[in-house]
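Below: one structure, written as structure tokens.
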Amino acid sequence: MNKFKATNGIRTILLNNKKIKGLVGDNIFPLIAKEGTVGDFIIYQRDSYEKEYTKMGICEEKCNVHIDIVSDDYDRSQELACLVNETLEGEFNNPKIVVKLLDSTEDFSDGKYIQVLLFSIE
């Protein structure tokens, strides 16, 4: 899979999880939530994209993806962060990627609790 499109695969994987879909519906957006979005939502963004080269050409491609879980309720933001981590971490065949959690932090802005997860996609 082209790592420029890895975020599309991540969104599909998240939407296929019934628990996540039950909590956020289709509110999983690239870069920014749609204006007027109500309730909890998830934002994803590719943070970096790297290629490693040998004399034979490209030997590895990977990218990092930030996933922000936004909620009015702190406990629900943590619940969603756990679900997202459990859903994404591991190996997938469709799309063919390996996902690893690299870092996590949390924030508060505009009356919303935000769980920030950084994943490596190989």
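Only this structure's heavy atoms are used, side chains among them; waters, hydrogens and symmetry mates stay out.
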Interatomic distance, CD@Glu50 vs OG@Ser120, rounded to 0.5 Å, equals 8.5 Å
Give the intermediate values and the outcome of side-chain contact (heavy atoms from CB on, under 4.5 Å) for residues Val84 and Ile20.
-> CA-CA 7 Å; Val84 166; Ile20 292 173; 4.1 Å; yes
Could you give me the CA-CA distance, side-chain angles and deciding distance for Asp107 and Thr105, then say whether side-chain contact (heavy atoms from CB on, under 4.5 Å) is met?
-> CA-CA 7 Å; Asp107 200 358; Thr105 188; over 6 Å; no
Rounded to the nearest 0.5 Å, what separation is found between the SG atom of Cys63 and the CD1 atom of Ile97?
-> 8.0 Å
Inspect the surroundings of CD1 in Ile32 and state if more than 12 heavy atoms from other residues, nucleotides or ligands are less than 6.0 Å away.
-> no
Kindly compute the distance separating CD1 (Ile10) from CG (Leu15), expressed to the nearest 0.5 Å.
-> 11.5 Å
Run the numbers on Phe29 and Thr37 for side-chain contact (heavy atoms from CB on, under 4.5 Å), then give the verdict.
-> CA-CA 10 Å; Phe29 306 105; Thr37 299; 3.7 Å; yes
Would you give the length of the straight line joining atom NZ of Lys112 to atom CD1 of Ile69, rounded to the nearest 0.5 angstrom?
-> 14.0 Å
Taking all heavy atoms of Val65 and all of Tyr44, pick out the closest pair and write down the distance.
-> CG1-CB, 4.4 Å
Indicate, with yes or no, if Val70 and Tyr113 share a hydrophobic cluster defined by side-chain heavy-atom contacts under 4.5 Å among Ile, Leu, Val, Met, Phe, Trp and Tyr.
-> no
Flag yes if Val99 and Leu101 sit in one hydrophobic cluster, no otherwise; membership is Ile, Leu, Val, Met, Phe, Trp, Tyr, and two members link when side-chain heavy atoms are under 4.5 Å apart.
-> yes
Could you state the interatomic distance from CG (Asp72) to CG (Asp110), rounded to the nearest 0.5 Å?
-> 11.0 Å
Please check if the side chain of Arg46 supplies one atom and the backbone of Ala6 the other of a donor-acceptor pair under 3.5 Å.
-> no
Are any side-chain N or O atoms of Asn85 and backbone N or O atoms of Ala81, one a donor and one an acceptor, separated by less than 3.5 Å?
-> no
When you look at NZ of Lys21, are more than 12 heavy atoms from neighbouring residues, nucleotides or ligands closer to it than 6.0 Å?
-> yes
Checking side-chain contact (heavy atoms from CB on, under 4.5 Å) for the pair Leu117/Leu88: CA distance, chi angles, key distance, verdict?
-> CA-CA 11 Å; Leu117 306 176; Leu88 291 180; over 6 Å; no
Ser77 and Asp40, any side-chain heavy atoms less than 4.5 Å apart | no
Same apolar cluster: Ile67 and Leu83, side chain cutoff 4.5 Å | yes
Between Tyr74 and Glu106, does any side-chain donor sit less than 3.5 Å from a side-chain acceptor?
-> yes
If you group Ile, Leu, Val, Met, Phe, Trp and Tyr by side-chain heavy-atom gaps below 4.5 Å, do Ile28 and Ile121 land in one group?
-> yes
Between Pro30 and Ile43, which heavy-atom pair has the shortest distance, and what is it?
-> C-CG2, 4.5 Å
Following the transitive rule for hydrophobic clusters with a side-chain heavy-atom cut-off under 4.5 Å over Ile, Leu, Val, Met, Phe, Trp and Tyr, establish whether Val24 and Phe119 coincide in one cluster.
-> yes
Without swapping roles, check the side chain of Gln115 against the backbone of Leu80 for a donor-acceptor pair under 3.5 Å.
-> no
Classify the side-chain pair Asn17/Thr87 by whether it contains a donor and acceptor separated by less than 3.5 Å.
-> yes
Distance from Glu122 atom CD to Lys96 atom NZ, nearest 0.5 Å?
-> 12.0 Å
